[in-house]
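Heads up, the thing below is written out as structure tokens.
Start at 1 and go down the list; that is how both ligands and their atoms are numbered. All residue numbers in this chain count up from 1 along the given sequence.
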Amino acid sequence: MSRTRALTLLILSILGIFAAYQYNRSTMATTPKLIPTSAIAKNGAIVVGSGLAGLSAASELIAANIPVRLLERNAKPGGNSIKASSGINGAPTLFQPGPPDTEFYADTIKSAGYAMSTAREHREKLIGTLTNSSASAVTWLNTTHGIDLSKVAQLGGHSRARTHRGAGGTPPGFAIVSTLLKSLKASPLFELKTSCTVNRLLRSGSSVTGVEYTCISPEAESTTSELHGPVIVTTGGFAGDAAGLLATHRPDLANFPSTNDPAPGFTHLLTSVGAQLLDMSSVQVHPTGFVDPANPSSPLKFLAAEVLRGEGGILLHDGERFFNELETREKVTAAILKNPPIEEKPKQWDVLLVLDEGVYEAAKSHIDFYIFKGLIRKTTIGDLGEKALPTIQEYAGAVAGKYEDKFGRTAFANWKLLEPEADSVVYVGRVTPVVHFTMGGVVISEKAEVLDAQGVPVEGVWAAGEVTGGVHGGNRLGGSSLLECVVFGRNAGERVVEYVKKEEK
Ligand SMILES: Cc1cc2nc3c(=O)[nH]c(=O)nc-3n(C[C@H](O)[C@H](O)[C@H](O)COP(=O)(O)OP(=O)(O)OC[C@H]3O[C@@H](n4cnc5c(N)ncnc54)[C@H](O)[C@@H]3O)c2cc1C
């Protein structure tokens with residue numbers, strides 16, 4: 001090959017690589033509404049918190065070519081969103097079986113319960129936005145981002161199956177968070193700073209103009225700096241703030257363990273610039289979080305899925321059953337709390353979740369995982385103390401239909417052990433009530449604007465996700481918190497795109 005031909009081929013291949021790079025960059029953007037580089041806001045936007053709400057907001061900004069600096073206090077991104085296991089609500093969607101689902105709004109109003117007697121009009125707007133945007137939220141994740149959400153389940157409180165997750169084994173929180181993060185990291189306009197905590201919002205007059213934040217280096221050195229630009233606060237809830245916000249707003253739940261990472265809540269970032277709080281005492285407590293025998297005093301607990309009781313499992317306190325295990329979460333929790341806790345920090349009770357071979361077979365994938373994590377062990381009834389055998393024999397009699405269950409339980413699903421003996425095999429884990437979700441937070445509009453005491457948006461700041469209050473009222477429907485992150489996170493992102501463009505003019 002002549003030198004000239006070789007040089008020509010080299011230049012052509014460099015041009016080819018460049019063209020492919022440009023093509024990839026343009027197809028990576030999720031919407032076609034690109035604006036010229038000259039028009040990009042000098043500083044771009046700031047997002048605080050890398051859970052699903054923050055990632056949804058950041059995705060909208062990046063799609064519109066607005067630079068994003070995302071600050072995350074943890075060393076790893078994803079927040080509590082990455083743990084979500086049941087799925088995200090959407091209605092009506094292509095994946096739902098049967099006629100179009102029109103009941104989501106009504107189910108959410110019903111679930112919000114007593115809270116609807118205050119600020120009704122405001123709540124109706126938020127719930128309308130949540131439910132009316134739910135189908136497009138699922139489409140955005142599924143079609144724009146390629147996340148499988150084809151499997152649909154019906155959770156408690158829903159009149160239809162509308163909670164979407166993937167058909168494979170990947171939990172929905174992980175699938176959604178990892179896909180959005182990957183797409184964001186592929187953009188040169190996106191910068192993620194981990195181990196960086198925002199301490200306060202900066203202001204000029206009554207407008208928010210940026211953040212002050214402190215980063216901790218791997219050598220444990222801290223540096224405090226400022227960033228300037230519009231701010232979206234997506235710092236999550238306060239279920240893991242056992243001695244702080246939880247103790248303030250629900251003293252009865254102070255020092256309870258949680259399924260959320262133990263960390264302070266950050267509503268004060270927003271109340272310090274005039275935001276109002278709503279529903280702070282509405283807290284979801286789950287009756288069964290596993291106490292890990294290898295680390296019993298950890299404030300962070302794994303959720304013992306409701307399916308374990310649903311498939312026939314029972315709860316024992318001091319060797320005896322004490323309630324209908326299939327009652328609502330609130331009632332089962334209240335029955336456990338009637339007994340004194342056996343530890344104060346974290347505050348926890350000594351309750352055993354007991355399953356037989358029939359329950360094991362029906363929920364094998366869950367139980368094998370819990371056995372692998374050391375949270376459930378295979379043993380015999382004789383190992384559970386003197387009172388356990390007569391208790392389980394009495395339950396088995398009710399399952400066999402010899403008499404009515406003394407706690408009114410009528411469904412026993414897959415419990416098969418009808419003649420229990422001391423050497424009968426059972427699967428056992430210790431459980432205790434855990435704080436799971438906080439409905440309360442800062443008041444926002446349906447556009448994710450942060451509202452002051454007069455209901456006026458505070459300029460320069462938006463909020464979305466579990467840090468906000470009012471969307472769920474007294475009780476959150478399962479699957480609706482991932483949904484609120486996507487709907488209001490995207491709304492916040494879109495508003496900041498408008499704000500940046502207006503500022504540029
Ligand atoms: C085990 C478990 C299972 C769940 N399953 C489901 C489910 O199946 N479906 C569903 O809808 N919901 C589920 N939820 C609830 C749902 O996951 C959360 O409510 C939701 O993901 C909250 O998202 P977020 O973005 O608001 O907050 P998060 O995901 O918690 O993210 C907030 C982020 O902000 C960071 N942060 C906080 N303060 C600062 C600061 N000052 N500076 C910088 N960073 C900060 C935090 O470190 C965190 O990473 C589940 C929750 C748990 C714990």
Item to check | Pairwise side-chain contact, His472 with Gln284, heavy-atom cut-off 4.5 Å (strictly under) | outcome: no
Checklist entry - Do the ring planes of Phe238 and His249 sit parallel (below 30°), tilted (30 to 60°) or perpendicular (above 60°)? => result tilted
Item to check | Under 3.5 Å donor-acceptor, Thr129 side chain and Lys125 backbone | outcome: yes
Item to check | Protein residues that have a heavy atom under 4.0 Å from any atom of ligand 1, sorted by chain and number | outcome: Val48, Gly49, Ser50, Gly51, Leu52, Ala53, Leu71, Glu72, Arg73, Asn74, Gly78, Gly79, Asn80, Ser81, Lys83, Ala84, Ser85, Ser86, Gly87, Cys196, Thr197, Val198, Thr234, Thr235, Gly236, Thr259, Asn260, Phe266, His436, Phe437, Gly465, Glu466, Arg476, Gly479, Ser480, Ser481, Leu482, Cys485
Next on the checklist: Taking atom CZ as the centre, does Phe372 end up with more than 12 heavy-atom neighbours from other residues, nucleotides or ligands that are less than 6.0 angstrom away?
Outcome noted: no
Checklist entry - Can you list the steps and then say if Ser134 with Asn89 is a side chain to side chain donor-acceptor pair (under 3.5 Å)? => result CA-CA 7 Å; Ser134 66; Asn89 296 334; over 6 Å; no
Next on the checklist: Please verify the inter-ring angle class for Trp349 with Phe256; under 30° counts as parallel, over 60° as perpendicular, anything in between as tilted.
Outcome noted: tilted
